[in-house]
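I have placed the structure first, in the form of structure tokens, so that the comments after it can refer back to it.
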Amino acid sequence: KLKGKQVLMYCTGGVRCERASSLLLNSKLGSEVKGVYQLKGGIEKYLMEMGKGTGDDGDATTTTPKGGYFRGKNFVFDKREAISADNPDGDGGVVRKKSKSNKQDIRGNCC
């Protein structure tokens with residue numbers, strides 16, 4: 001399905017994409033794709049950079065919304081747990097689990 005196409009890889013912080021793009025390029029399929037690109041620094045860096053401005057990407061002909069075009073939350077592997085453009089400090093230490101007595105979601109400290 002990738003033959004003749006451009007491939008864009010992105011991940012949380014960019015490390016896995018570095019490895020995956022190298023693996024792809026060095027595989028048989030690597031010679032069949034038009035190009036392999038990755039989001040440098042991953043979604044985390046993208047959110048940090050796009051969250052700084054007012055939404056204007058500096059080009060007079062386009063306007064990028066604050067936080068860029070990423071929607072939702074990005075899971076990170078530290079105490080922040082999940083970050084977004086509106087919440088760069090993350091949800092921090094919150095997990096959802098079912099209560100045995102009422103079977104509704106409750107929140108508690110993770111680690």
Side-chain angles (χ1 to χ4, degrees):
K1 292 184 178 184
L2 297 177
K3 187 176 181 179
K5 295 184 179 179
Q6 294 180 346
V7 178
L8 170 64
M9 295 184 175
Y10 62 93
C11 57
T12 300
V15 176
R16 286 173 292 169
C17 292
E18 286 282 340
R19 298 185 86 182
S21 61
S22 178
L23 182 66
L24 175 61
L25 286 170
N26 290 310
S27 72
K28 179 184 173 194
L29 187 58
S31 61
E32 297 177 356
V33 295
K34 277 189 174 181
V36 178
Y37 305 92
Q38 59 198 65
L39 187 58
K40 189 174 183 177
I43 294 292
E44 185 172 8
K45 184 175 179 185
Y46 177 79
L47 286 173
M48 287 171 41
E49 289 185 4
M50 298 305 290
K52 288 180 185 174
T54 60
D56 185 1
D57 63 5
D59 186 338
T61 61
T62 63
T63 301
T64 305
K66 184 174 182 185
Y69 294 100
F70 182 81
R71 298 291 175 260
K73 293 183 178 182
N74 180 46
F75 182 80
V76 292
F77 303 95
D78 60 27
K79 65 182 181 178
R80 296 172 298 162
E81 287 189 1
I83 61 171
S84 65
D86 296 330
N87 186 12
D89 295 328
D91 293 341
V94 177
V95 289
R96 294 187 181 270
K97 59 184 176 180
K98 296 286 186 179
S99 166
K100 291 181 182 180
S101 60
N102 60 15
K103 297 186 180 181
Q104 294 179 357
D105 285 347
I106 59 173
R107 294 173 180 242
N109 288 331
C110 175
C111 305

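When reading the values below, keep in mind they use all heavy atoms of this one structure, side chains included, and skip hydrogens, waters and symmetry mates. Numbering of residues begins at 1 and proceeds along the displayed sequence. On a predicted model such as this, the values are computed, not experimentally measured, just so you know.
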### Residue list, side-chain hydrogen bond (donor to acceptor under 3.5 Å, both in side chains) with R16, at least two apart or on another chain
T12
Enumerate donor-acceptor pairs with a distance under 3.5 Å from any side-chain N or O in residues 28-39 to protein atoms, sequence neighbours excluded.
from	atom 1	to	atom 2	distance (Å)
S31	OG	K28	O	3.1
Q38	OE1	S21	OG	2.6
Q38	NE2	E18	OE2	2.8

### Query
Is the backbone N or O of Y69 less than 3.5 Å from a side-chain atom of Y46, with the two atoms forming a donor-acceptor pair by type?
yes
### Message
Count I, L, V, M, F, W, Y as connected when their side-chain heavy atoms are under 4.5 Å apart, and connections chain through other members. Are I43 and M9 then in the same cluster?
### Response
no
### Task
Check the hydrophobic clustering (I, L, V, M, F, W, Y; side-chain heavy atoms under 4.5 Å; chains of links allowed) and say if Y10 and V15 are grouped together.
no
### Task
List the atom of S84, the atom of G72, and the distance in Å for their closest heavy-atom pair.
CB-O, 3.5 Å
#### Entry: Nearest non-hydrogen partners of R80 and E44, listed with the distance
NH2-OE2, 2.6 Å
### Message
Could you tell me if the side chain of I83 sits less than 4.5 Å from the side chain of D89, heavy atoms only?
### Response
no
### Message
Just verifying a value: how many Å separate N87 CG and N74 CG, rounded to the nearest 0.5 Å?
### Response
12.0 Å
